[in-house]
Number of protein chains: 2
Amino acid sequence: MEKDIREILKKNQLSVTASREKILQLFIDHNGALAHGDIEKKAGEKFDRVTVYRTLQTFVDKGIIHSIPTADNSVRYALCKDDCQGGHHHDHHVHFVCNNCNNTYCLDNVVTPDIRLPKGYSGEHIEVVVEGICQQCN
Amino acid sequence: MEKDIREILKKNQLSVTASREKILQLFIDHNGALAHGDIEKKAGEKFDRVTVYRTLQTFVDKGIIHSIPTADNSVRYALCKDDCQGGHHHDHHVHFVCNNCNNTYCLDNVVTPDIRLPKGYSGEHIEVVVEGICQQCN
DNA sequence: CAATAAAAGCAACAATGTTGCAAAATATTT
DNA sequence: AAATATTTTGCAACATTGTTGCTTTTATTG
Ligand SMILES: [Mn+2]
Ligand SMILES: [Mn+2]
Ligand SMILES: [Zn+2]
Ligand SMILES: [Zn+2]
């Protein structure tokens, strides 16, 4: 298990540090997305806030995690599947926010649909966020 | 024109004040979405920051504007079409963020698709944000 | 115009995010 | 294994963004 973590970091040409190990572990253990605040609460006693910001940014740049848009000014992050690298994310799945438990999930098996855009617009990336009640809460 | 503004406010049982008129005017004049910061820049010399926050919140509550999720911690707002009232928004259109001019548009004619969710999930609301190059910039 | 209700402004504060730099940790070379 | 070079961290200081209570001002109603 711990081996895995170090492997992931090395595979992405990142030096293995305590904070990166810890934060990556959090994502692997947690089934769902994490906001900056969540991470700070769970790991913040050991690490500086600035380190959390920088680590998240690094992980996004490397394609280890991806960000999920929200309508409430609190971006969330979740693990990418294997094939996102060098900042090129090619996850095309739908995200789900539960109105009850307030968790955010990646629905890895639900692919984002094609959208027919009006003349003149060209789409490069699609984000779909569904809000409702999750499996656990239903 | 100015008549319209007052009409909209009155129709929503809001008293007509200088800040509400001004901010609503901004939305009507501007073809696209506005972030809090935008409004503060365009109207902020006359109004307190707190007033802008409260006005936007009021407009959302009344169904005059709706918020658009983003992945960069800066919620944007845009005018609702006529039939959103009492905080019940029933816009079901796609939003578009231009990577060039950085504007956000409501694609009022593009309805959000149905998404088939995994067993156990029940969806209540769908947000679709497409990123790419807009009409103007193409 | 007076009375009442609502909104705006102000101040103080809390939370969130950013930057430069010195110290510490990690990786690399000898 | 130790020395060196590189990278990351923590800290401090600061900037930006968002919130709350309270007083003054403004708008609505009759
Ligand atoms: Mn995801
Ligand atoms: Mn819209
Ligand atoms: Zn739930
Ligand atoms: Zn554009």
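We name chains A, B, ... by the order of the sequence lines, and we start the count at 1 in each one.
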Starting at atom [atom1] of [X], determine the distance to atom [atom2] of [N], rounded to an integer number of angstrom.
X        : N       : atom1 : atom2 : value
Ile39(B) : dG18(D) : CD1   : P     : 11 Å
Glu40(A) : dT18(C) : CD    : P     : 13 Å
Phe47(A) : dG10(D) : CZ    : P     : 7 Å
Asn12(A) : dT8(D)  : CG    : P     : 13 Å
Leu9(A)  : dT7(D)  : CG    : P     : 16 Å
Gln57(A) : dT7(D)  : CD    : C1'   : 17 Å
Arg76(B) : dT17(D) : CZ    : P     : 13 Å

d(Lys22(B) NZ, Thr51(B) OG1) to nearest 0.5 Å is 14.5 Å
For the side chain of [X] and the backbone of [Y], is there at least one donor-acceptor N/O pair under 3.5 Å apart?
X        : Y        : result
Asp38(A) : Ala35(A) : yes
Asn12(A) : Leu9(A)  : no
Asn73(A) : Val75(B) : yes

Nucleotide by nucleotide, nucleotides 11-17 of chain C touches protein heavy atoms under 4.0 Å in the pattern (B base, S sugar-phosphate only, - none) B----SB
Rounding to the nearest 10°, end axes of the helix from dC1(C)-dG30(D) to dT30(C)-dA1(D) built from five pairs each make an angle of 40°
Looking only at heavy atoms, the pair that brings Leu79(A) and His66(A) closest together is O-CE1, 3.2 Å
Minimal heavy-atom distance between Cys134(A) and Cys98(A), with the atoms involved, is N-SG, 3.5 Å
Side chains of Arg76(B) and Thr104(B), donor plus acceptor under 3.5 Å: yes
Practice problem: Could you walk me through whether Ile8(A) and Leu14(A) pass the side chain to side chain contact (heavy atoms under 4.5 Å, CB included) test, one step at a time? | Solution: CA-CA 9 Å; Ile8(A) 294 172; Leu14(A) 292 175; over 6 Å; no
Any N or O donor-acceptor pair linking the side chain of Arg54(A) to the base of dG10(D) at under 3.5 Å? yes
Is the distance from the ring center of Tyr105(B) to that of His95(B) below 6.0 Å? no
The residue among Ile23(B), Ile5(B), Asp4(B) that forms side-chain contact (heavy atoms from CB on, under 4.5 Å) with Ile28(B) is Ile5(B)
Would you list the protein and nucleotides 4-7 of chain C atom pairs, both N or O, that sit under 3.5 Å from each other?
unit_1, atom_1, unit_2, atom_2, d
dA7(C), OP1, Arg20(B), NH1, 3.0
dA7(C), OP1, Arg20(B), NH2, 2.8
dA7(C), O5', Arg20(B), NH2, 3.3

For the pair Ser122(B) and Asn138(A), evaluate side-chain hydrogen bond (donor to acceptor under 3.5 Å, both in side chains) and give the outcome as yes or no after the intermediate values.
-> CA-CA 8 Å; Ser122(B) 52; Asn138(A) 238 337; 3.2 Å; yes
